[in-house]
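By convention here, the first residue in the shown sequence is residue 1. Predicted, not measured: the structure shown is a model, and the values here were computed from it.
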Amino acid sequence: MNYRMVKEVHRRVKTSTKILTKIMIVLCVLFLLMGIVFDRGMMLLALLMAGMYFLYEAYSVKDYEYVMDGTAFTITVIHAKRRRKEVHELDLKNMEVVAPSWHEAVAKYRLKGGTEKIPKYDYTSYEPEIPYYTMIIMENKRKIKLLLDLDEDMLQAMKRISPQKVFVQK
């Protein structure tokens, strides 16, 4: 069972992010015009606003990459389509369960109504038509909850590794 699967997830840009970036651009242009007309000190504000825009843009645009290599499962965050940071390197042998978010197998880990509180990491696309799965797994001797957009091939590969721990949406 030596195989390598890669899935890229593009996170949808939120409406509030779009509005905020437009406000930052308008303020930058406004400060630049005020610097030309009234006082050159306002140009410094325009430069600072442009810098804030580029920093915000670099950290607000995120994509994710899931890599499954045998029983190793790696999650990488890609900021602004350039910088990559590996955030989780997991062994699927330590997996407790993978199930759709509404499934009873993950009911005790839900935000409202769940009995166990564990750290949650969301690596989904926020697309309403794409179902996401909840993975409960051990990482560095502590249990974590991952929200993932897993495709059918990756789910079937996980099911081959641990058939009693993976629940597929019907």
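- Contact check for Glu86 versus Thr74: side-chain heavy atoms found under the 4.5 Å cut-off.
- Ser101 contributes atom OG, which lies 15.5 Å from atom OH of Tyr109 (distance to the nearest 0.5 angstrom).
- Here Met34 contributes atom CE and Met42 contributes atom CE; the two are 3.0 Å apart, rounded to the nearest 0.5 Å.
- Taken together through direct or relayed side-chain contacts under 4.5 Å among Ile, Leu, Val, Met, Phe, Trp and Tyr, Ile36 and Met49 form parts of separate hydrophobic clusters.
- The salt bridge (charged side-chain N to carboxylate O under 4.0 Å, His left out) test applied to Lys62 returns no partner, not counting sequence neighbours.
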Side chain to side chain donor-acceptor pair (under 3.5 Å) between Thr124 and Asp149, worked out: CA-CA 5 Å; Thr124 59; Asp149 287 346; 4.9 Å; no
Full working for side chain to side chain contact (heavy atoms under 4.5 Å, CB included) between Met158 and Met135: CA-CA 11 Å; Met158 286 179 184; Met135 177 188 281; 3.5 Å; yes
Residue pair Glu65, Lys7: steps toward the salt bridge (Lys or Arg N to Asp or Glu O under 4.0 Å) verdict: CA-CA 6 Å; Glu65 182 180 73; Lys7 176 170 174 47; over 6 Å; no
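- In this structure, Met52 CE and Leu27 CG are separated by 9.0 Å, a value rounded to the nearest 0.5 Å.
- Summarising the geometry, atom NZ belonging to Lys117 is positioned 13.0 Å from atom NZ belonging to Lys108; distances are rounded to the nearest 0.5 Å.
- Criterion: ILVMFWY side-chain heavy atoms under 4.5 Å apart, direct or through other members. Under it, Leu55 and Ile19 are not part of a common hydrophobic cluster.
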Criterion side chain to side chain contact (heavy atoms under 4.5 Å, CB included) on Leu20 and Tyr56, from CA distance to verdict: CA-CA 9 Å; Leu20 188 59; Tyr56 184 74; 3.5 Å; yes
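- In terms of hydrophobic clustering, with Ile, Leu, Val, Met, Phe, Trp and Tyr side chains grouped at heavy-atom distances under 4.5 Å, Val87 and Leu146 are assigned to a common cluster.
- Using a 4.5 Å heavy-atom cutoff, the side chains of Asp63 and Val9 are not in contact.
- In this structure, the side chains of Ile75 and Leu148 come closer than 4.5 Å at one or more pairs of heavy atoms.
- Put simply, the side chain of Ile118 reaches to within 4.5 Å of the side chain of Ile136, judged on heavy atoms.
- Between Met68 and Leu92 the shortest side-chain heavy-atom distance falls below 4.5 Å.
- Across all their heavy atoms, Asn94 and Ile137 have their closest contact at O-CG1, 3.6 Å.
- Residues Ala46 and Cys28 approach most closely at O-SG, 3.3 Å, considering heavy atoms.
- Using a 4.5 Å heavy-atom threshold, the side chains of Pro119 and Glu139 count as separate.
- When all heavy atoms of Gly70 and Ile161 are compared, the pair lying nearest together is O-CD1, 3.5 Å.
- Taken to the nearest 0.5 Å, the CG atom of Leu48 stands 13.5 Å off from the CE atom of Met43.
- Between Arg83 and Val77, the closest side-chain pair of non-hydrogen atoms is not below 4.5 Å.
- A continuous path of Ile, Leu, Val, Met, Phe, Trp and Tyr side chains, each step under 4.5 Å between heavy atoms, connects Leu45 with Val37, placing both in one hydrophobic cluster.
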Met95 and Ser162: CA distance, side-chain angles, deciding distance, side chain to side chain contact (heavy atoms under 4.5 Å, CB included) verdict: CA-CA 8 Å; Met95 176 176 56; Ser162 299; 3.9 Å; yes
Intermediate values then yes/no, side chain to side chain contact (heavy atoms under 4.5 Å, CB included), Val98 and Lys165: CA-CA 6 Å; Val98 173; Lys165 298 178 181 179; over 6 Å; no
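- Looking at heavy atoms from C-beta onward, Glu96 lies out of side-chain contact with Met138 at the 4.5 angstrom threshold.
- Neither Val67 nor Leu155 shares a network with the other; the hydrophobic side chains, linked directly or stepwise wherever heavy atoms of I, L, V, M, F, W or Y lie under 4.5 Å apart, form separate groups for each.
- Listed by first and then second residue, the ring-ring contact (aromatic ring centres under 6.0 Å, His included) pairs that reach into residues 119-144 are Tyr64-Tyr123, His88-Tyr121, His88-Tyr123, sequence neighbours excluded.
- In this structure, Leu44 CG and Leu32 CG are separated by 12.0 Å, a value rounded to the nearest 0.5 Å.
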Verdict with reasoning, Arg11 to Asp122, per salt bridge (Lys or Arg N to Asp or Glu O under 4.0 Å): CA-CA 11 Å; Arg11 178 165 271 188; Asp122 187 354; 3.8 Å; yes
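- Under a 4.0 Å N-O distance rule, the pair Lys143/Glu116 qualifies as a salt bridge.
- In this structure, Ala157 and Met5 approach most closely via the heavy-atom pair CB-SD, 3.7 Å.
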